[in-house]
A.B. asks: 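The structure's right below; bear with me while I get my questions together.
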Amino acid sequence: MKKVLQDYTMKTVTIENIGKYEDEIVTVRGWLTHKRSSGKIRFLVLRDGTGIIQAILIKGEVEDEIFQLYNTLTQESSIAITGRVRREPRSPGGYELLVSSISIFQIAENYPITPKEHGIGFLMDHRHLWLRSQRQNAILRIRHTVINVARQFFDSRGFILFDAPIFTPSCCEGTTSLFRTRYFENENAYLSQSGQLYLEAGAMALGKVYSCGPTFRAEKSKTRRHLTEFWMLEPEIAFADLDEIMALAEELVVTIVKGVLKTRQKELQTLNRDIARLERVSSPFYLMAYDDAVQLLQDSGVSFVWGDDFGGGDETIISNHFDRPVMIHRYPAQCKPFYMKNDPERPEVVLCMDLLAPEGYGEIIGGGQREDSLSELEQKIAHAGLPAADFAWYVDLRRYGSVPHAGFGLGIERTVAWICGIPHVRETIPFPRLLQRLYP
RNA sequence: UCCCCAGUAGCUCAGUUGGCAGAGCAGGUGGCUGUUAACCACCGGGUCCGCGGUUCGAGUCCGUGCUGGGGAGCCA
């Protein structure tokens with residue numbers, strides 16, 4: 001590390017706190033995002049992960065050796081700048097540093113991501129560097145808050161964190177495709193599509209549990225709403241029924257949105273999010289039976305038949321009718337997985353619900369009340385054509401003290417995309433895995 | 001798996017009827033005392049995605065393959 005006139009007596013601070021040090025001399029460490037020059041006055045824009053600040057070099061007011069360093073500094077060079085903090089309305093962020101010295105960690109090579117426009121393919125190829133941009137920084141901070149608020153929500157309500165396995169001997173949902181691994185002797189192992197079945201075991205042991213972890217779907221989906229690897233937040237509650245988890249899901253989503261609005265105003269502004277639309281997200285959400293949603297689609301001119309599941313376009317039409325999230329419940333049994341419990345009053349529908357985010361972001365939550373009858377569950381597994389042996393442990397849960405129970409799964413990336421108001425889920429996770437993308 | 005669109009300088013793109021390969025940014029050199037994706041002047045920079053075909057002549061037209069993007073189905 002090359003050091004130039006480093007003064008170790010100075011305070012090292014982060015940019016987000018720079019306002020506390022007005023008129024003091026401090027050191028900020030970070031990366032050069034940009035530089036501009038007007039001859040005898042030169043500007044350096046530094047980011048440190050917490051914010052950006054402009055530093056200013058004035059010929060004659062700073063040692064000439066420091067002034068000339070400007071010429072050697074390239075975009076993304078890592079440096080420490082020491083200078084006096086002053087309030088300056090012309091500077092982005094409201095403060096600037098009047099430079100007294102600069103020390104250099106490294107002069108960066110020619111940086112591929114320039115201040116001009118880039119295509120999505122190029123940016124995804126450089127995802128490891130793209131993460132440094134203000135936009136990605138804002139999205140990932142909001143992701144952090146979404147997960148953090150959600151976990152606090154469950155922790156404060158007596159839920160126990162219960163991590164489900166990633167390797168599973170068989171599929172949880174039967175219909176969708178699985179990633180197969182061949183490590184275990186004499187048997188296949190698959191990457192988890194959902195932790196739910198294991199969470200049901202957890203609920204019978206601990207009462208109220210939740211997990212937050214990655215899930216994998218080997219679907220040939222190429223849309224703005226799909227990732228091959230995504231994160232899901234799944235609560236499961238013993239003795240709960242459909243109504244109870246519908247209320248819980250609503251409370252959770254309201255809490256997450258309020259939490260982001262409270263702590264991430266700056267990030268939402270960076271993303272040009274229409275805050276008013278998020279402020280409208282409050283209880284009660286709209287509640288709608290599947291039958292009424294079908295009626296709504298048919299009234300909107302869509303030729304939709306009772307018994308089908310909604311496609312992405314159908315979900316958009318439904319959610320655009322509402323300015324808040326809408327919860328749709330009691331789907332036909334044929335649309336939903338085997339473990340759903342039928343409505344005793346209407347056996348052709350199951351006690352399930354999907355939560356559709358507004359603005360066409362689609363389904364962010366899916367869940368329901370689980371089948372708790374031993375004989376019914378055995379029949380459903382057989383009817384779905386699933387290997388009974390793989391589900392023996394799951395069926396045991398109905399053999400030894402079965403109780404009504406319910407839970408749901410919230411898709412983290414879709415939730416973050418909606419709250420951020422960005423069109424594609426691929427920017428909501430640090431390194432997205434998509435149909436055509438495994439690198440970097 | 002199917003449908004649509006694209007592939008030209010490091011990046012984003014233009015390229016007319018088939019007739020010398022272009023611009024902005026990035027990089028380099030110089031200028032400028034308040035810049036905001038600064039600006040001004042000059043310089044270097046090409047497997048026009050691959051293969052085959054039509055033609056005197058193909059970045060341009062035809063066929064085919066590959067890669068990427070968007071969407072459908074499937075799903076959170």
Side-chain angles (χ1 to χ4, degrees), chain A residues 33-45 52-62 67 70-71 74-76 86 88-93 96 98 108-126 129-130 133-134 172-178 193-196 214-234 249 308-316 335-337 354-357 361-367 408-418 423-426 428-429 434-437 439:
Chain A
T33 62
H34 214 73
K35 64 176 188 177
R36 289 182 287 271
S37 165
S38 183
K40 304 291 189 295
I41 183 164
R42 294 171 169 180
F43 302 92
L44 300 171
V45 181
I52 60 166
I53 190 165
Q54 175 170 282
I56 180 170
L57 290 157
I58 298 172
K59 193 172 177 68
E61 294 184 25
V62 65
F67 187 77
Y70 174 92
N71 295 319
T74 56
Q75 189 186 357
E76 289 303 316
R86 56 182 201 194
E88 172 52 69
R90 286 172 292 187
S91 173
E96 69 182 12
L98 187 60
E109 293 179 25
N110 200 356
Y111 191 65
I113 301 177
T114 68
K116 291 280 179 177
E117 291 166 14
H118 297 283
I120 190 67
F122 178 83
L123 289 169
M124 291 294 287
D125 285 342
H126 296 84
L129 303 175
W130 188 24
S133 76
Q134 280 198 84
C172 286
E173 310 211 355
T175 53
T176 49
S177 322
L178 291 148
Q193 292 180 312
S194 163
Q196 185 211 310
T215 53
F216 308 86
R217 303 275 167 98
E219 294 154 2
K220 302 291 183 197
S221 299
K222 268 183 73 175
T223 83
R224 65 186 63 204
R225 300 185 308 280
H226 288 89
L227 293 168
T228 300
E229 177 183 316
F230 68 98
W231 284 62
M232 201 150 55
L233 184 70
E234 298 176 280
D308 286 349
D309 203 354
F310 304 122
D314 302 322
E315 289 180 352
T316 302
C335 309
K336 293 292 173 181
D354 282 0
L355 182 72
L356 304 187
Y361 280 92
E363 183 183 348
I364 56 170
I365 286 181
F408 61 83
L410 176 145
I412 296 289
E413 288 77 16
R414 284 190 185 174
T415 302
V416 174
W418 162 51
H424 203 299
V425 292
R426 65 187 156 210
T428 63
I429 186 168
L434 298 151
L435 193 56
Q436 306 287 357
R437 187 164 295 280
Y439 177 92

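Chain A is the first sequence line, chain B the second, and so forth, proteins listed ahead of strands; every chain is numbered from 1. Owing to the predicted nature of the structure, the values given are computational and were not obtained by experimental measurement.
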A.B. asks: Check every atom of B:G71, B:C75, B:G68 against the side chain of A:K222 and return the nucleotide holding the closest atom.
C.D. replies: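 The listed nucleotide nearest to A:K222's side chain is B:G71.
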A.B. asks: Need the pair for B:G68. Rule: Watson-Crick or G-U wobble, both distances under 3.5 Å, any strand; none if unpaired.
C.D. replies: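 The answer is B:C5, by the H-bond criterion.
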A.B. asks: According to the Watson-Crick and G-U wobble definitions, with both distances under 3.5 Å, which nucleotide is paired to B:A41?
C.D. replies: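 Partner of B:A41: B:U29.
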A.B. asks: Would you state whether a donor and an acceptor, one from the side chain of A:T223 and one from the base of B:C75, lie under 3.5 Å apart?
C.D. replies: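 Between B:C75 and A:T223, which were checked side chain against base, a qualifying N/O pair under 3.5 Å is absent.
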A.B. asks: Please determine, for the side chain of A:R426, which listed nucleotide (B:A37, B:G70, B:G34) has the closest atom?
C.D. replies: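 For A:R426, the side-chain atoms sit closest to B:G70.
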A.B. asks: Tell me: CD1 of A:I52 to C1' of B:A37, nearest whole Å?
C.D. replies: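 So the two atoms are 12 Å apart, to the nearest Å.
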A.B. asks: In whole Å, I'd like the distance from the CZ atom of A:R224 to the C1' atom of B:G71.
C.D. replies: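 Value for this atom pair: 9 Å.
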A.B. asks: Using a heavy-atom cut-off of 4.0 Å across all strands, would you classify A:H126 as base, sugar-phosphate, or nothing?
C.D. replies: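 Nothing, no heavy atom under 4.0 Å.
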A.B. asks: Rounded to whole angstrom, note down the C1' distance from B:C11 over to B:G18.
C.D. replies: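 B:C11 and B:G18 have their C1' atoms separated by 29 Å.
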A.B. asks: Base of B:U35, side chain of A:Q54 - is there a donor-acceptor contact under 3.5 Å?
C.D. replies: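 It does, because a donor-acceptor pair links the side chain of A:Q54 to the base of B:U35 below 3.5 Å.
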A.B. asks: Could you give the CD1-to-P distance, from A:I41 to B:U35, as a whole number of Å?
C.D. replies: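 Going from CD1 in A:I41 over to P in B:U35 covers 9 Å.
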A.B. asks: When you get a sec, tell me which of B:G69, B:C11, B:G34 is the closest nucleotide to the side chain of A:I120?
C.D. replies: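 Closest nucleotide among those given: B:G69.
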A.B. asks: Is it true that a side-chain atom of A:Q75 and a backbone atom of A:P112 form a donor plus acceptor pair closer than 3.5 Å?
C.D. replies: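 No; judged by distance alone, with no hydrogens or angles, the pair does not exist.
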A.B. asks: Do A:L434 and A:H226 come within less than 4.5 Å of each other through their side chains, counting heavy atoms only?
C.D. replies: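 No; the side chains remain at least 4.5 Å from each other.
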A.B. asks: Is any side-chain heavy atom of A:W231 less than 4.5 Å from a side-chain heavy atom of A:T215?
C.D. replies: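 Heavy-atom side-chain distance check fails, nothing below 4.5 Å.
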A.B. asks: Using purine N1 to pyrimidine N3 plus N6-O4 or O6-N4 for Watson-Crick, or N1-O2 and O6-N3 for G-U wobble, each under 3.5 Å, what pairs with B:G63?
C.D. replies: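 Across any shown strand, B:G63 pairs with B:C51.
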A.B. asks: In whole Å, I'd like the distance from the CZ atom of A:F216 to the C1' atom of B:C75.
C.D. replies: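 After rounding, the gap between these two atoms is 16 Å.
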A.B. asks: So, A:R90 and A:E88, do they make that salt bridge, N to O below 4.0 Å?
C.D. replies: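 So A:R90 pairs with A:E88 through a salt bridge.
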A.B. asks: Quick one: does NZ or CZ of A:K35 land under 6.0 Å from the six-membered ring centre of A:Y70, within 45 degrees of the ring axis?
C.D. replies: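 Pair A:K35/A:Y70 counts as cation-pi.
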A.B. asks: Give me the distance, rounded to whole Å, that separates B:G46 from B:A21 when you measure between the P atoms they each carry.
C.D. replies: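 Approximately 14 Å lies between the P atom of B:G46 and that of B:A21.
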A.B. asks: Using the P atom as the reference point in each nucleotide, state the distance between B:U60 and B:G52 in Å, no decimals.
C.D. replies: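 My reading of the P atoms in B:U60 and B:G52 gives 14 Å.
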A.B. asks: Between the side chain of A:T74 and the main-chain N/O of A:A108, is any donor-acceptor distance below 3.5 Å?
C.D. replies: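 A pair under 3.5 Å: yes.
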A.B. asks: Between the main-chain N or O of A:F67 and the side-chain N or O of A:R42, is there a donor-acceptor pair closer than 3.5 Å?
C.D. replies: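 Answer holds: yes.
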A.B. asks: Just the rounded figure in Å: distance from P of B:G68 to CG of A:L435.
C.D. replies: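 For the pair A:L435 CG and B:G68 P, the rounded distance is 9 Å.
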A.B. asks: Taking atom P in both B:A58 and B:G50, compute the distance separating them and give it to the nearest angstrom.
C.D. replies: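 To the nearest whole Å, 14 Å.
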A.B. asks: Is there a Watson-Crick or G-U wobble partner for B:G34 with both distances under 3.5 Å, and if so, which one is it?
C.D. replies: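 Partner of B:G34: none found under 3.5 Å.
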A.B. asks: Answer with base, sugar-phosphate or nothing: what part of the nucleic acid does A:F122 contact at a heavy-atom distance below 4.0 Å?
C.D. replies: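 It contacts sugar-phosphate atoms only.
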A.B. asks: Grab the CD-P distance between A:E315 and B:C75 for me, whole Å please.
C.D. replies: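 Distance check: A:E315 CD to B:C75 P gives 11 Å.
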A.B. asks: Between B:C75 and B:U64, how far apart are the C1' atoms? Round to whole Å, please.
C.D. replies: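 Straight-line distance between the two C1' atoms is 34 Å.
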A.B. asks: Name the nucleic acid region contacted by A:I113, choosing base, sugar-phosphate or nothing; use a 4.0 angstrom heavy-atom cut-off, strictly under.
C.D. replies: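 The residue A:I113 makes no contact with any strand.
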A.B. asks: What contact category does A:P112 fall into here, base, sugar-phosphate, or nothing, at under 4.0 angstrom with non-hydrogen atoms?
C.D. replies: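 No contact.
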A.B. asks: Identify whether any heavy atom of A:E96 sits under 4.0 Å from a base atom; if not, whether one sits that close to sugar-phosphate; answer base, sugar-phosphate or nothing.
C.D. replies: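 Base contact.
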A.B. asks: Taking atom P in both B:A6 and B:G10, what distance in whole Å separates the two?
C.D. replies: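 Their P atoms lie roughly 23 Å apart.
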A.B. asks: Which one, B:A37, B:C74, B:U1, comes nearest to the side chain of A:R225?
C.D. replies: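 Of the candidates, B:C74 comes closest.
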A.B. asks: Please report, rounded to the nearest Å, how far the P atom of B:C66 is from the CD atom of A:Q436.
C.D. replies: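 In whole Å, B:C66 P and A:Q436 CD are 12 Å from each other.
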A.B. asks: What about A:H226, does its side chain sit under 3.5 Å from the base of B:C75 through a donor-acceptor pair?
C.D. replies: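 Yes.
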A.B. asks: Where the side chain of A:K220 is defined as all heavy atoms beyond and including C-beta, which of B:G34, B:G73, B:C11 is the nearest nucleotide?
C.D. replies: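 Nucleotide nearest to A:K220's side chain: B:G73.
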A.B. asks: Evaluate the side-chain proximity of A:R437 to A:T228: yes if any heavy-atom separation is below 4.5 Å, no if none is.
C.D. replies: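 Of all side-chain heavy-atom pairs linking A:R437 with A:T228, none is under 4.5 Å.
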A.B. asks: Can you check whether A:S221's main-chain N or O pairs, donor with acceptor, with A:E219's side chain at less than 3.5 Å?
C.D. replies: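 Answer holds: no.
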A.B. asks: Roughly, in whole Å, what's the span from CD1 in A:I58 to P in B:U35?
C.D. replies: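 It is 13 Å, rounded to the nearest whole Å.
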A.B. asks: Can you check whether any acceptor in the base of B:G34 is under 3.5 Å from a donor in the side chain of A:R86, or vice versa?
C.D. replies: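 Such a pair exists between side chain and base.
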A.B. asks: For A:I56 and A:R437, find the nucleotide of RNA chain B closest to each by heavy atoms; which residue's nucleotide sits nearer the 5' end?
C.D. replies: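 Closest to the 5' end, via its nearest nucleotide, is A:I56.
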A.B. asks: What does the B/S/- profile of nucleotides 23-30 of chain B look like, 5' to 3', with a 4.0 Å heavy-atom cutoff to protein?
C.D. replies: --SSS---
A.B. asks: Can you check the distance between B:G44 and B:A23, where both ends of the measurement are the P atom (answer in whole Å)?
C.D. replies: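 These two P atoms come out 11 Å apart once rounded.
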A.B. asks: Just call it for A:T415: base, sugar-phosphate, or nothing, with non-hydrogen atoms closer than 4.0 Å on any strand.
C.D. replies: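 Here A:T415 touches no strand at all.
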A.B. asks: Look at all strands and tell whether A:G119 reaches a base, only sugar-phosphate, or nothing, counting heavy atoms closer than 4.0 Å.
C.D. replies: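 The residue A:G119 makes sugar-phosphate contact but no base contact.
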A.B. asks: OP1, OP2 of B:G70 versus side-chain N and O of A:H424: anything below 4.0 Å?
C.D. replies: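 For A:H424, the contact criterion (side-chain N or O under 4.0 Å from OP1 or OP2 of B:G70) is met.
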A.B. asks: Between A:H424 and A:T428, is the side-chain hydrogen bond (donor to acceptor under 3.5 Å, both in side chains) condition met? List the steps.
C.D. replies: CA-CA 8 Å; A:H424 203 299; A:T428 63; over 6 Å; no
A.B. asks: Across all strands shown, which nucleotide pairs with B:C11 by Watson-Crick or G-U wobble geometry, both distances under 3.5 Å?
C.D. replies: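 Check on B:C11: paired to B:G24, both distances under 3.5 Å.
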A.B. asks: Is a side-chain N or O of A:Q54 found less than 3.5 angstrom from the main chain of A:F43, in a donor-acceptor match?
C.D. replies: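 Answer holds: no.
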A.B. asks: Base, sugar-phosphate, or nothing: which does A:I412 touch, judged by heavy atoms less than 4.0 Å apart?
C.D. replies: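 The answer is nothing, as A:I412 stays clear of every strand by at least 4.0 Å.
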A.B. asks: Using the C1' atom as the reference point in each nucleotide, state the distance between B:C32 and B:C40 in Å, no decimals.
C.D. replies: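 Nearest-Å result for B:C32 against B:C40 at atom C1': 9 Å.
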